[in-house]
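First comes the structure, then the notes that go with it.
Fair warning: this is a prediction, and the values are worked out from it, not measured in the lab. In what follows, residues are counted from 1 in the order of the sequence shown.
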Amino acid sequence: MNKTGRRAHRQPKAYEDTRFLQSRDARALRILAEYLEPLYRFQRHNVQDTIVFMGSARLRSEEAARAELAEAERKGEGIEAAEMALRLSIYYEGARELARRLTAWSKKLGREERRFVVCTGGGPGIMEAASRGACEAKGLNVGLTISIPDDEFDNPFVSRELRFYFHYFFMRKFWFVYLAKAVVLFPGGYGTLDELFEILTLVQTHKTRKRMPIVLFRLQILGRG
C-alpha cells in the first residue's frame, strides 16, 4: 500500500511485459528467441544432426487414399481426383518407409548423440509420412512448424519434445539447414521448390561449407489402363 492507502501499481519487468514483447520494438528479441529456444532443446535432447524431408502437404497415405476413392465411387463424383490421390500415395508410403529405415539404422550407431534425426516441417502429407516412419521405428523426429493463415494441422507423429512453432520463416529455414546432413525432396508445390532452390543457392555460394547431399526422390507411377 502507498501513502494514500491504494495498492501500488507494479510495473512488469521487461521480459514479463507481453505488450512490449509483441511490439515492433522487440522484434530482435523475438528473432533471438527463435534461435536460442530451439538450440536449448536440441542440446538438451542431444540432437547432433538431421536428415530433412520436404514435399507436398497434400499427399495421402495409401489407406486414406483408398478410403477416399471408395467414398467417391459410392457418391459417383470426384472419382478421377481420388484415383490420382491413390496413385500419388506411393510417395507418402515411400517417405514413410525411408524415414523408418533411416531411424532404425541411426539408432544402431550406439552413440550418446542422436545422429541423422528425421526432420520435417511438422505438417501433413510428406511431412506426416516421414514423422510417422520415424515414430514407427520408435525414434525421435523433429517438426519445424510455422504460423500461416491456413488451418492449423496437428501432426500426431512429431515427437512432443522436438515440436517447434515458428513465426519467422527465415529462422525456420535456418534450423532446416543448420543441422542437416542431407535433404530428401519429394514432389511438392511452391514451398518445396522454394526450399530446394534456397538450399541449392547456399551450396553454390559456399554459404554452407559442409557436404550436404540433396536427393530428389522419384518413383515410377503407372497411369490408368
Looking at [X], I'd like to know if its [atom1] atom is crowded, meaning that more than 12 non-hydrogen atoms belonging to other residues, nucleotides or ligands lie closer than 6.0 Å.
X: Tyr40; atom1: OH; result: no
X: Glu63; atom1: CD; result: no
X: Arg30; atom1: CZ; result: yes
X: Phe20; atom1: CZ; result: yes

Under the criterion ring pair (Phe, Tyr, Trp, His ring centres under 6.0 Å), which of Phe170, Tyr35, Tyr165, Phe169 is the partner of Trp175?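 That would be Tyr35; it is the only one of Phe170, Tyr35, Tyr165, Phe169 passing the ring pair (Phe, Tyr, Trp, His ring centres under 6.0 Å) with Trp175.
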From Phe42, Phe176, Phe174, residue fulfilling ring pair (Phe, Tyr, Trp, His ring centres under 6.0 Å) relative to Phe164: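 Looking at Phe42, Phe176, Phe174, the match for Phe164 under the ring pair (Phe, Tyr, Trp, His ring centres under 6.0 Å) is Phe42.
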Shortest non-hydrogen contact from [X] to [Y]?
X: Glu34; Y: Tyr168; result: OE1-N, 3.2 Å
X: Ser56; Y: Thr192; result: N-OG1, 4.0 Å
X: Pro38; Y: Phe166; result: CG-CZ, 3.9 Å
X: Asp17; Y: Gln11; result: OD2-NE2, 4.0 Å
X: Ala99; Y: Ala130; result: CB-O, 3.2 Å
X: Val177; Y: Met212; result: CG1-CE, 4.3 Å

Check against salt bridge (Lys or Arg N to Asp or Glu O under 4.0 Å), Lys13 and Glu16: CA-CA 5 Å; Lys13 296 174 182 177; Glu16 295 176 330; 5.4 Å; no
With heavy-atom distances below 4.5 Å as the criterion, would you say the side chains of [X] and [Y] are in contact?
X: Val118; Y: Leu102; result: yes
X: Phe186; Y: Leu59; result: no
X: Tyr91; Y: Ile126; result: yes
X: Ser61; Y: Glu93; result: yes
X: Glu80; Y: Met84; result: no
X: Glu71; Y: Arg74; result: yes
X: Leu29; Y: Leu21; result: yes
X: Val184; Y: Leu98; result: yes

Value rounded to 0.5 Å, distance of [atom1] in [X] from [atom2] in [Y]:
X: Ile199; Y: Thr208; atom1: CD1; atom2: OG1; result: 9.5 Å
X: Cys119; Y: Met54; atom1: SG; atom2: CE; result: 7.5 Å
X: Leu88; Y: Glu62; atom1: CG; atom2: CD; result: 12.5 Å
X: Glu161; Y: Arg41; atom1: CD; atom2: CZ; result: 9.0 Å
X: Lys210; Y: Tyr178; atom1: NZ; atom2: OH; result: 8.5 Å
X: Arg132; Y: Arg96; atom1: CZ; atom2: CZ; result: 3.5 Å

Give the cluster check for [X] versus [Y]: same hydrophobic cluster or not, with ILVMFWY residues linked at side-chain heavy-atom distances below 4.5 Å.
X: Ile146; Y: Phe157; answer: no
X: Ile214; Y: Met127; answer: no
X: Leu202; Y: Leu216; answer: yes
X: Val183; Y: Leu144; answer: yes
X: Ile31; Y: Tyr15; answer: no

With no hydrogens and no angle check, is any side-chain donor or acceptor of Arg114 less than 3.5 Å from a backbone partner on His45?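 Yes, because the side chain of Arg114 sits within donor-acceptor range (under 3.5 Å) of the backbone of His45.
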One pair to check against side chain to side chain contact (heavy atoms under 4.5 Å, CB included): Thr103 and Asn141. What are the steps and the verdict? CA-CA 9 Å; Thr103 302; Asn141 71 91; over 6 Å; no
I would like to know whether Gln204 and Leu200 meet side chain to side chain contact (heavy atoms under 4.5 Å, CB included); could you show each step before the answer? CA-CA 6 Å; Gln204 181 191 44; Leu200 288 174; over 6 Å; no
Trace of the salt bridge (Lys or Arg N to Asp or Glu O under 4.0 Å) decision for Asp194 with Lys173: CA-CA 10 Å; Asp194 172 59; Lys173 290 171 183 284; 2.3 Å; yes
